[in-house]
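Only a predicted model underlies this, so the values are computations on that prediction, with no experimental measurement involved. Positions are given from 1, in the same order as the sequence printed here.
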Amino acid sequence: MKNLLIIMTLICLSNFSFAQASDFNFEKTACVEPLSAEYQLIYDSLLPKENWKKVKFTNDCVEMLYYIRNFEDEAKRNANINWDRGYVRSIKWIRWNLCKQTDLFAEEIKDEIESDLKRLRRFRKPYTENDIYVRLNRRVIEYYLNSFE
């Protein structure tokens with residue numbers, strides 16, 4: 001039985017492309033680098049690089065940043081092999097917070113957010129480029145900064 005599970009896992013894994021997944025450095029998450037110095041500081045204070053999987057959700061922004069980092073980590077390290085309904089619920093929740101609940105963003109930015117989240121939902125084709133993750137992180141931080149006004 002154990003051998004059968006191993007064989008089935010290998011067959012499933014053979015269906016995914018790991019070309020870019022091996023380039024992912026977990027300690028230095030690529031989605032953080034392009035952010036401005038101010039956004040980088042906010043990002044690091046809300047979601048520290050060390051032990052980020054144990055972070056406490058103190059507000060919606062921390063939770064959204066956590067989910068986005070988790071989406072990126074899952075796509076780049078695991079080729080979305082652990083994808084389940086929880087990811088879909090998280091994407092819907094981020095969409096609701098950034099696009100439906102607030103009038104902070106213009107319609108073209110909301111369309112961009114929805115397009116990015118729609119792309120991440122295609123779990124059979126893991127998204128390993130950085131641009132979507134950078135944009136989503138930037139929008140969450142903008143949402144965070146405007147929540148104090």
For the pair [X] (side chain) and [Y] (backbone), establish whether a donor and an acceptor sit closer than 3.5 Å, ignoring hydrogens and angles.
X	Y	value
Ser90	Gly86	yes
Asn80	Trp83	no
Asn137	Tyr133	yes
Glu74	Ile81	yes

>> I'd like to know whether Leu145 forms a side-chain contact (heavy atoms from CB on, under 4.5 Å) with Tyr39, so could you lay out the CA-CA distance, the side-chain angles of the two residues, the decisive distance to 0.1 Å, and finally the verdict.
In response: CA-CA 10 Å; Leu145 291 173; Tyr39 281 23; 3.6 Å; yes
At what distance, to the nearest 0.5 angstrom, does [atom1] of [X] lie from [atom2] of [Y]?
X	Y	atom1	atom2	answer
Asp116	Ile68	CG	CD1	9.5 Å
Arg69	Leu136	CZ	CG	14.0 Å
Cys99	Ile109	SG	CD1	10.0 Å
Arg77	Thr128	CZ	OG1	14.5 Å
Leu104	Ser147	CG	OG	9.5 Å

I need the minimum non-hydrogen distance between [X] and [Y], along with the two atoms involved.
X	Y	answer
Ser45	Ile42	OG-O, 2.8 Å
Asn82	Asn78	ND2-ND2, 3.5 Å
Lys110	Asp103	NZ-OD1, 3.9 Å
Lys92	Arg121	CE-NH1, 3.9 Å
Ala75	Pro126	O-CB, 3.9 Å
Phe105	Leu98	CD1-O, 3.4 Å

> Can you list the residues that meet the side-chain hydrogen bond (donor to acceptor under 3.5 Å, both in side chains) rule with Tyr127, with sequence neighbours excluded?
Replying inline: Asp131
> Under the side-chain hydrogen bond (donor to acceptor under 3.5 Å, both in side chains) test, which residues partner Glu142, sequence neighbours left out?
Replying inline: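 For Glu142 the side-chain hydrogen bond (donor to acceptor under 3.5 Å, both in side chains) partners, ignoring immediate neighbours, are Arg139.
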> Same hydrophobic cluster for Leu41 and Leu46, using side-chain heavy-atom links shorter than 4.5 Å among ILVMFWY?
Replying inline: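 Shared cluster, no.
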>> Is there a path of hydrophobic side-chain contacts, each under 4.5 Å between heavy atoms, that joins Ile91 and Trp96?
In response: no
Between [Y] and [X], is there a side-chain heavy-atom distance shorter than 4.5 Å?
X	Y	value
Val140	Asn97	no
Leu65	Tyr144	no
Ile132	Arg135	yes
Phe71	Ile94	yes

> Do Lys76 and Glu72 sit within salt-bridge range, that is, some charged N less than 4.0 Å from a carboxylate O?
Replying inline: yes
> Could you walk me through whether Glu129 and Arg119 pass the salt bridge (charged side-chain N to carboxylate O under 4.0 Å, His left out) check?
Replying inline: CA-CA 12 Å; Glu129 299 297 320; Arg119 173 56 188 95; over 6 Å; no
>> Could you go through Gln101 and Tyr143, starting from their C-alpha distance and side-chain angles, then the distance that decides it, and tell me whether this counts as side-chain contact (heavy atoms from CB on, under 4.5 Å)?
In response: CA-CA 11 Å; Gln101 180 186 8; Tyr143 176 86; 3.6 Å; yes
